[in-house]
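If you're wondering where the values come from, they're calculated on a predicted model, not measured in any experiment. Position 1 is the first residue of the sequence, and the numbers go up from there. Both backbone and side-chain heavy atoms feed into the values below; hydrogens, waters and symmetry mates do not.
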Amino acid sequence: MPDLVDFPLHVDRHLFDLVQTYGIWVYGLLFCVIFAETGLVVTPFLPGDSLLFAAGALARTDPPILNGPLLAALLFGAAFLGNSVNYAIGRRVGPRIFHANDQTGISHRLLNRDHLKRAHEFFEQYGGKAVVLGRFVPIVRTFVPFVAGAASMTPRAFAFYNFIGAAAWVLLCVGAGMLFGNLDVVRNNFSLVTIGIVGVSLLPIAIELVRQRRRA
């Protein structure tokens, strides 16, 4: 358990050690972590934003420890494919999960087809924003594509917004790491920076909620 907490908070140090140990194979490891964090509902605890930030910082050292363009391309592919697989799983098994046989218990209230129908209507109307903005929120980004698939969001629409969300997420987080990750104040306080990244990730959702409240 301490390791699970320490790794996300000090992912910069651990990532550097992994590069020193495994060399070029770290690219494959990064791909797998981002793919699993976005593509598997059971692994929302894996680092996402902080890992991209730390990887970007290592791509801007002198000399560069990681190749920036290759890193961005691989991580974009992992993020896009992860969400696509998660969506496909949700589309395949989601309706069965939401079809509760118990007509009186709590499972009927939480996982019935009325909720699935409302989710479908939501994703048809606001699905694009949910897919793009949800990409920036830890844990939420792991479940949004699954629910979008379960709610039968149009595949073409999901693919379009998934592409935009994956590109924006990877470029912003990796780019921020390349710009600011090697500053002394950032390197010396990376655990606080990690917490700050999570806080900043919540801003798009908070802004959208405020906008909807004002419109209402």
Side-chain angles (χ1 to χ4, degrees), residues 27-49 51-52 55 69-101 107-175 201-209 211-212 215:
Y27 290 104
L29 177 62
L30 290 172
F31 182 96
C32 291
V33 171
I34 295 301
F35 176 87
E37 198 259 354
T38 58
L40 304 178
V41 178
V42 296
T43 53
F45 54 85
L46 292 173
D49 307 300
L51 184 63
L52 296 180
L70 176 60
L71 179 70
L74 282 176
L75 295 180
F76 165 76
F80 180 82
L81 291 175
N83 260 23
S84 299
V85 170
N86 207 343
Y87 169 84
I89 294 174
R91 194 172 179 87
R92 177 77 174 179
V93 306
R96 301 177 188 176
I97 295 176
F98 278 86
H99 182 64
N101 293 322
S107 62
H108 174 66
R109 293 194 294 270
L110 295 178
L111 300 174
N112 63 65
R113 286 191 176 275
D114 289 337
H115 295 161
L116 188 60
K117 180 181 178 181
R118 286 196 291 270
H120 172 74
E121 293 171 352
F122 170 83
F123 274 101
E124 287 301 306
Q125 187 173 2
Y126 303 108
K129 290 182 179 180
V131 173
V132 174
L133 295 180
R135 174 72 76 171
F136 291 87
V137 184
I139 299 179
V140 171
R141 63 171 159 263
T142 306
F143 292 99
V144 165
F146 180 86
V147 177
S152 297
M153 181 181 180
T154 305
R156 183 176 296 179
F158 178 81
F160 175 75
Y161 290 109
N162 181 28
F163 183 93
I164 294 176
W169 182 52
V170 170
L171 290 177
L172 284 175
C173 291
V174 173
S201 299
L202 296 175
L203 286 179
I205 299 297
I207 293 173
E208 184 63 22
L209 289 175
R211 290 177 58 187
Q212 288 189 9
R215 285 197 297 265

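Other residues, nucleotides and ligands contribute over 12 non-hydrogen atoms within 6.0 Å of the OH atom of Tyr27.
The OH atom of Tyr161 sits 10.5 Å away from atom OG1 of Thr154, with the distance rounded to the nearest 0.5 Å. Taken from CG in Leu74 to CZ in Phe35, the straight-line distance is 13.5 Å, to the nearest 0.5 Å. Residue Glu37 holds its CD atom at 10.0 Å from CZ of Phe45, rounded to the nearest 0.5 Å.
When all heavy atoms of Leu30 and Ala55 are compared, the pair lying nearest together is CD1-CB, 4.4 Å.
Taking the side chain as every heavy atom from C-beta outward, Asn162 and Ser84 approach each other to under 4.5 Å. Between Ile34 and Leu52, the closest side-chain pair of non-hydrogen atoms falls below 4.5 Å. Looking only at side-chain heavy atoms (C-beta outward), Val41 and Ile89 stay at 4.5 Å or farther from each other.
Each of Phe76, Phe136, Phe80 was compared with Trp169 under the side chain to side chain contact (heavy atoms under 4.5 Å, CB included) criterion, and only Phe136 meets it.
Judged by distance alone, with hydrogens and angles left aside, the side-chain atoms of Asn86 form a donor-acceptor pair with the main-chain N or O of Thr142 at under 3.5 Å. For the pair Tyr87 (side chain) and Met153 (backbone), a donor-acceptor distance under 3.5 Å is present. Side-chain N or O atoms of Arg135 include one that pairs as donor or acceptor with a backbone N or O of Ala79 at under 3.5 Å. In terms of modelled atom types and a separation under 3.5 Å, the side chain of Asp49 and the main chain of Cys173 share no donor-acceptor contact.
With no hydrogens or angles considered, no side-chain donor-acceptor pair links Asn83 and Arg141 at under 3.5 Å.
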